[in-house]
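In what follows, chains carry the letters A, B, and so on, assigned in the order in which the sequence lines appear, proteins first and then strands, with residues in each chain numbered from 1.
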Number of protein chains: 2
Amino acid sequence: MTTRRVRRSGASFESHTSGVDLGPLPEYVGFVLRRVQSQVFADFIQSLNELDLRPAQFAILEAVDANPGMTQSDAGAMLGIQKANMVGLIAELERRGMIVRRRSPRDRRSYALHLLAEGGRLLRRARRLRDAQEARIANHLGQESRDRLLALLTRLAHLD
Amino acid sequence: MTTRRVRRSGASFESHTSGVDLGPLPEYVGFVLRRVQSQVFADFIQSLNELDLRPAQFAILEAVDANPGMTQSDAGAMLGIQKANMVGLIAELERRGMIVRRRSPRDRRSYALHLLAEGGRLLRRARRLRDAQEARIANHLGQESRDRLLALLTRLAHLD
DNA sequence: TATTGTTATACTCTATAACTATA
DNA sequence: TATAGTTATAGAGTATAACAATA
């Protein structure tokens with residue numbers, strides 16, 4: 001269709017596919033960050049779907065693997081998940097035989113989380129799916145750009 | 001507390017604040033992208049809160065400003081919002097006198113969207129809040145790194 | 001008094017199906 | 001037949017408050 005040039009600011013954003021455009025939005029980090037994250041995350045959700053696993057549960061498996069015996073609320077705090085919302089996620093993983101919760105003898109209010117053999121297998125399968133996505137990203141950007149992007153995002157995570 | 005070194009892969013991720021760590025997760029673009037976007041987005045939501053405006057509504061105002069007379073479903077398609085979910089967002093903006101919907105004479109099924117004077121004022125106030133956030137980001141990263149980040153994210157948006 | 005895990009609940013965002021009026 | 005907008009609804013993800021057991 002028509003190609004229009006945005007008549008604002010310096011940076012010109014053009015739309016070649018339709019008569020409408022997003023205005024100045026694609027020039028802002030916050031907007032582009034949100035859009036690209038939604039894409040990448042939706043793609044990962046769909047990928048994990050074949051394992052009947054949600055991203056939060058995958059992250060919990062990684063956390064428990066890295067910190068055997070860690071507490072449920074430690075995992076939640078680390079991943080930014082409310083303790084109330086951890087209950088269901090953990091319960092489902094335990095029901096499927098992926099992890100165990102053992103009452104800690106030192107503090108009997110809390111559970112110590114441990115990965116079971118079946119959970120280890122699930123974790124390895126999930127890692128392969130993640131690795132495939134990461135490989136697509138690295139392939140698309142090139143390894144150097146991919147590394148720069150990760151470094152920049154990590155720095156941005158320390159904003160404020 | 002203690003400082004532990006992850007004993008996996010090459011890249012070492014260390015936690016200096018607690019005895020637990022996220023394992024290999026911070027080495028992956030998908031994971032870091034998600035975390036940093038959540039931060040930045042939550043910050044922006046809180047900022048827009050003083051205008052009683054949600055990010056999606058701000059984006060709609062930008063789109064209508066850039067494309068006067070655009071259709072409701074065009075805006076939705078452009079922003080990745082289902083037409084069913086556009087209804088409430090648009091209705092609220094119209095109720096507050098920010099935009100008008102005029103039956104298009106060419107296709108009387110659709111509405112042509114136009115920004116009203118009050119909507120223009122709201123848009124300018126929202127832009128100032130966005131600009132403040134963008135300035136904090138640019139200040140934190142440095143202008144060059146900020147520009148590189150935007151370029152990399154834009155390229156990543158074209159994945160697949 | 002404070003904290004871990006739990007339940008109940010509510011709010012937002014997102015997704016789908018069915019309807020109407022137009023095309 | 002197909003599309004624009006609407007309605008109703010259901011599913012996630014996320015947030016808070018209150019409680020029992022334990023510290």
Side-chain angles (χ1 to χ4, degrees), chain A residues 18-20 34-35 37-46 48-49 52-60 64 67 69-95 99-113, chain B residues 18 20 34-35 37-39 41-46 48-49 52-60 63-64 67 69-95 99-114:
Chain A
S18 64
V20 295
R34 166 137 180 83
R35 301 206 101 196
Q37 190 275 330
S38 294
Q39 282 181 221
V40 171
F41 196 58
D43 180 80
F44 189 51
I45 288 172
Q46 191 170 9
L48 279 185
N49 208 30
D52 218 342
L53 196 67
R54 282 167 288 172
Q57 292 176 314
F58 170 54
I60 290 170
V64 172
N67 309 276
M70 83 185 305
T71 215
Q72 191 166 318
S73 37
D74 280 352
M78 214 163 64
L79 296 168
I81 303 172
Q82 306 285 330
K83 61 180 182 173
N85 300 325
M86 286 292 288
V87 178
L89 295 168
I90 294 282
E92 197 179 325
L93 289 173
E94 189 175 39
R95 183 186 54 74
I99 61 173
V100 272
R101 306 186 303 165
R102 302 198 191 110
R103 276 291 178 194
S104 170
R106 320 176 71 216
D107 182 342
R108 300 192 30 259
R109 291 171 301 182
S110 59
Y111 287 114
L113 303 179
Chain B
S18 64
V20 294
R34 165 136 179 85
R35 299 206 100 196
Q37 190 275 331
S38 295
Q39 282 181 221
F41 196 58
D43 181 80
F44 189 51
I45 288 172
Q46 190 169 10
L48 280 185
N49 209 31
D52 218 343
L53 197 68
R54 281 165 289 173
Q57 291 176 316
F58 171 54
I60 290 170
V64 173
N67 309 276
M70 83 185 303
T71 216
Q72 190 167 319
S73 38
D74 280 354
M78 214 163 64
L79 296 167
I81 303 173
Q82 307 284 330
K83 60 180 182 173
N85 300 325
M86 287 291 289
V87 178
L89 296 167
I90 294 281
E92 197 179 326
L93 289 173
E94 189 175 38
R95 183 186 54 73
I99 61 174
V100 271
R101 305 186 303 165
R102 302 198 191 109
R103 276 291 178 193
S104 170
R106 321 175 70 215
D107 183 341
R108 301 195 26 261
R109 290 172 301 181
S110 59
Y111 287 114
L113 303 179
H114 294 273

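- Within a heavy-atom distance below 4.0 Å of DNA chain C, the residues of residues 79-88 of chain A found are A:Lys83, A:Ala84, A:Val87.
- Between B:Arg103 atom CZ and D:dT3 atom C1' there is a gap of 12 Å when expressed in whole angstrom units.
- Across the protein-nucleic acid pair, A:Ile45 atom CD1 and D:dA12 atom P stand 11 Å apart, rounded to whole Å.
- Rounded to an integer number of Å, the gap from B:Arg106 CZ to C:dT22 P is 18 Å.
- Rounded to whole Å, atom P of C:dC13 lies 11 Å from atom CG of B:Leu48.
- Distance CG (A:Leu89) to C1' (C:dT7): 15 Å, rounded to an integer number of Å.
- The nearest heavy atom of DNA chain D to A:Arg108 and to A:Arg54 marks one nucleotide each, and the one closer to the 5' end goes with A:Arg54.
- Checking D:dT6, D:dA23, C:dA23 against every side-chain atom of B:Gln72, the shortest atom distance belongs to D:dT6.
- The closest donor-acceptor contact from the side chain of B:Gln57 to the backbone of B:Arg54 lies under 3.5 Å.
- Taking side-chain N and O atoms only, A:Arg109 has no distance below 4.0 Å to OP1 or OP2 of D:dA23.
- Taking atom CG of residue A:Asp74 and atom P of nucleotide C:dG5, one finds them 8 Å apart after rounding to whole Å.
- Mapped onto DNA chain C by nearest heavy atom, B:Pro55 and A:Thr71 fall at different nucleotides, with A:Thr71 at the one closer to the 5' end.
- In this structure, B:Ile81 CD1 and B:Ser73 OG are separated by 12.0 Å, a value rounded to the nearest 0.5 Å.
- Of the inter-residue distances, the one linking A:Ile60 atom CD1 with A:Ile90 atom CD1 reads 4.5 Å to the nearest 0.5 angstrom.
- Between the side chain of B:Ser104 and the main chain of B:Ser110, no donor-acceptor pair closer than 3.5 Å is present.
- Checked by atom type and distance alone, the side chain of A:Arg103 pairs as donor or acceptor with a backbone atom of A:Arg108 at under 3.5 Å.
- When each of A:Leu53, A:Val64, A:Leu113 is paired with A:Leu93, the side chain to side chain contact (heavy atoms under 4.5 Å, CB included) condition holds for A:Leu53 and for no other.
- B:Arg101 comes within 4.0 angstrom of sugar-phosphate atoms only, judged by non-hydrogen atoms across all strands, and of no base.
- Here C:dT14 presents its P atom at 17 Å from CD of A:Gln46, a figure rounded to the nearest Å.
- When rounded to the nearest whole Å, the span between CD1 of B:Ile90 and P of D:dA4 equals 14 Å.
- Formation of a donor-acceptor pair under 3.5 Å by the B:Asn67 side chain with backbone atoms of B:Ala63 is found in this model.
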